Amino acid sequence: MAKLAKGLRLALKIVAVIIAVLVLVTIIVANSSYVQNKLVGMATDALSKELNTEVKIDRVKLNLLAMSASVEGIKLKDQQQRDMLKVGRIWGHMRVLALLRGEILLRRCEVDSVDAFLIKPDDGPANYQFLLDANKKNKKDKIDKDSTKHSAFKFDIKDAVVNGIHVKYNNADYELAQAFYNHWRGKHTITVHHLKLNWQKQTKKALVKWYLDSGTLTASISEEENGKTRVDIKGLELKSDCDLPRRNTGKPHHGAFDDRHFNLQADLGIDVLHTGKDSIQLRLANGCVKDTIAGIDLTELTSDITISGKHITLTNAVIQQVTTRLDIPKAEIFLPDKEKGTSLSYNADTVKGRVMLKDISQPFAPVLRKFSIPLNLRVGVNGNGDGMLFKDIHVNTDDNKLTINSMGMLRNLRDGHKLNLHFEVYQMVARPGIKHKIINQFTVKKYMMNQIYAMGVVRYAGSFDILWKKQQFRGRLNTEKGDVHFNFELDGITKYVSGKVGTENLKLGELFEIDKLGDIQCTANFKIDISKSRTAVMRKQKGGKLPIGHVDADVKKIGYRNINMKNIVTNIESDGAIANGDVTLKGSLTDLVLQFLFTNTDEMSKMKVKPKLKFGHGDNKKEKKKKKDKKNKKERAKS
């Protein structure tokens, strides 16, 4: 027995030596340049034949001692013989024990220096389509094979890193600085550092250059929680620039928003709830977006998002900007579809919000920078790439001293010179206390504040338009002192406010605290200078608190000392310090003229009045001649 045991030990040693020699020879042979060159030739020939295009590999390295392999200098042409893909190096480190169990388990995989040139024309297949077709064929072959025989190998990667990727896709450039993948204890984690995209868009006035940087993007997938996926983005940047200055440069009263000069930074947290063949459900759990130059500061963004093809649905969306909050129960977005010939459109039946207008002052309206009255809003919105419709608008303050019901539309959005923002105000009610409060939100000179207070409850119905460098207002005011109808325009080019105003029953005496005056029925044309440069010269010379301009009024009827007077003409000229005017009561032979002046609209009762008579018939003769000529013209027309 002892001799037998000794013989077995000797036999085992011989077998071990033989196995060791065979392994050593295998390692030496596998690591030899001859074998590796053969592997390169076999791999390139097989791939070229499979893909029907030219494939080159500079070098394949195997290290069976370290259980690692690398492929260097991979080059792939598309089927038009253009360089489509270049890879500097792919390296992998396998686990020996897993290999013995029939599994290919990579401890780590590295990919360095990838350059890709991809084209997808509008009227043909992409230059990479043949790769997708080959992949589909391989999948089908694998399914057919697996249906008859179970695969002997399993494939898994624990860690991977990718460095330096550049992809040119049509006219856009994509860059990736670095990406990591890790699989540990049932959790897959992908971290992407600085995925960058550059593209250009030609507008009517300039070539706009766009730049997107993902910052740090981390996606985690949990096997234990039914594939729950979480994506966190920190430091996302979206920028645009062109060779032109910002639209508000040198224009302090213009908003800073300019889609040619974006500088957005964002942090986002997204949960992937479900993925299907053609759809995906997401939850924007948290988000914030800032553009410090334009003044955009969205402190909270949340929404459930469903994407199905070109259809995006948002539910329970919240948009918070500092002290302004909008709640959108449901909104739909339909992206452009060239195959169906449809363009961008969107709708949201009900948007509710609590709005502080000062929050939008920097990007859109600097004049609102002190407007801190909270407004409650309800509106329906729908639109497309060229305009928007605002329906069923309701606005009110917390105390309901201000209520507004209206509708509006934005047209010609793509052409700034033709852009038109139009609103129809069905009813606006301003009760005592709110009018002064609203006016005090603006840094403007305050005229006729006593008269505004004396009007009491003000009701308004009408419309207004915001055009390129013009604003037009029209409508009817109903007040406790009478009704006023008006139509006027603010011209941003000439810097004048001009228009027409009229009334049938205004209590003028009560409004200006002048006991001698009664009700008035009249129409008036006015033109007021709003040019800061022109009015600054007059203010410097004469001072004063009055508007600068003139008013011409035709008074059909006015009460004066319990006497009703008719057919009165009034003219007022104001240089800012003193307003001079005259009231002319025309007679058949003599005109009664009252000349007056005042320096303060709040002290109209103290104005100086100087009566005088105007003799002569020159004007009357001219008017009679005009009437006669008009009568003769009508008679000739009849004949």
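Since this is a predicted model, take the numbers as computed values, not measurements. Counting begins at 1 with the first residue of the sequence. Keep in mind that the numbers below use all heavy atoms, side chains included, and drop hydrogens, waters and symmetry copies.
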Side chain to side chain contact (heavy atoms under 4.5 Å, CB included) between Gln178 and Val161, intermediate numbers included
CA-CA 7 Å; Gln178 195 174 56; Val161 60; 4.2 Å; yes
Kindly compute the distance separating [atom1] ([X]) from [atom2] ([Y]), expressed to the nearest 0.5 Å.
| X | Y | atom1 | atom2 | result |
| --- | --- | --- | --- | --- |
| Leu236 | Leu238 | CG | CG | 7.0 Å |
| Arg89 | Asp58 | CZ | CG | 14.0 Å |
| Leu76 | Lys86 | CG | NZ | 11.5 Å |
| Leu212 | Leu195 | CG | CG | 7.0 Å |
| Gln320 | Leu301 | CD | CG | 10.0 Å |
| Asp259 | Arg247 | CG | CZ | 5.0 Å |

Is there a donor-acceptor contact under 3.5 Å from the side chain of [X] to the main chain of [Y]?
| X | Y | result |
| --- | --- | --- |
| Ser113 | Val87 | no |
| Gln362 | Ile293 | yes |
| Asp465 | Leu467 | no |

Answer with yes or no whether the side chains of [Y] and [X] bring together a donor and an acceptor at under 3.5 Å.
| X | Y | answer |
| --- | --- | --- |
| Asp297 | Gln321 | no |
| Asn412 | Asn420 | no |
| Asp267 | Gln265 | no |

Can you check whether [X] reaches [Y] side chain to side chain, under 4.5 Å on heavy atoms?
| X | Y | value |
| --- | --- | --- |
| Leu377 | Ile393 | yes |
| Leu389 | Met407 | yes |
| Lys330 | Asp349 | no |
| Asn198 | Lys209 | no |
| Ile90 | Ile74 | yes |
| Phe180 | Thr189 | no |
| Val381 | Met388 | yes |
| Leu344 | Asn384 | no |

Residues passing the side-chain contact (heavy atoms from CB on, under 4.5 Å) test with Gln81, sequence neighbours excluded, are Thr53, Glu54, Lys77
Would the number of heavy atoms belonging to other residues, nucleotides or ligands and lying under 6.0 Å from [atom1] of [X] be above 12?
| X | atom1 | value |
| --- | --- | --- |
| Asp386 | CG | yes |
| Lys391 | NZ | yes |
| Arg185 | CZ | no |

Under 3.5 Å, which donor-acceptor pairs link side chains of residues 165-177 to any protein atom two or more places apart or in another chain?
residue : atom : partner : partner atom : Å
Asn170  : OD1  : Lys120  : N            : 2.8
Asn170  : ND2  : Lys120  : O            : 3.2

Over all atoms of both residues, closest heavy-atom pair of [X] and [Y]:
| X | Y | result |
| --- | --- | --- |
| Leu268 | Gly287 | CD2-CA, 3.8 Å |
| Ser361 | Leu368 | CB-C, 3.7 Å |
| Glu72 | Ile57 | O-CG2, 3.7 Å |
| Phe130 | Asn127 | CE2-O, 3.1 Å |
| Phe117 | Asp83 | CB-O, 3.6 Å |
| Pro363 | Gly295 | CD-O, 3.7 Å |

Relative to each other, are the rings of Phe257 and Phe262 parallel, tilted or perpendicular (30° and 60° limits)?
perpendicular
Apply side-chain hydrogen bond (donor to acceptor under 3.5 Å, both in side chains) to residues Ser345 and Asn382 and explain how you reach the verdict. CA-CA 8 Å; Ser345 64; Asn382 62 63; over 6 Å; no
Do Gln129 and Gln79 pass the side chain to side chain contact (heavy atoms under 4.5 Å, CB included) test, and can you show the C-alpha distance, the side-chain angles, and the key distance before you say yes or no? CA-CA 10 Å; Gln129 184 62 45; Gln79 295 187 325; over 6 Å; no
In a table with atom names and distances, give each donor-acceptor pair under 3.5 Å that connects a side chain of residues 308-315 to protein atoms at least two apart or in another chain.
residue : atom : partner : partner atom : Å
His311  : NE2  : Thr313  : OG1          : 3.4
His311  : NE2  : Glu332  : OE2          : 3.1

With sequence neighbours left out, the residues meeting salt bridge (Lys or Arg N to Asp or Glu O under 4.0 Å) with Arg260 are Asp258
Residues at least two apart in sequence or cross-chain that pass salt bridge (Lys or Arg N to Asp or Glu O under 4.0 Å) with Asp241, listed by chain then number, are none
Exactly one of His194, Lys196, Lys239, His193 clears side chain to side chain donor-acceptor pair (under 3.5 Å) with Asp213, and that residue is His194
Side chain to side chain donor-acceptor pair (under 3.5 Å) pairs touching residues 284-294, sequence neighbours excluded, are Arg230-Asn286
List the steps, then state whether side chain to side chain contact (heavy atoms under 4.5 Å, CB included) holds for Asp304 with Gln281.
CA-CA 8 Å; Asp304 286 341; Gln281 292 181 356; over 6 Å; no
From CA spacing to verdict: side chain to side chain contact (heavy atoms under 4.5 Å, CB included), His188, Tyr181:
CA-CA 7 Å; His188 302 267; Tyr181 166 78; 2.6 Å; yes
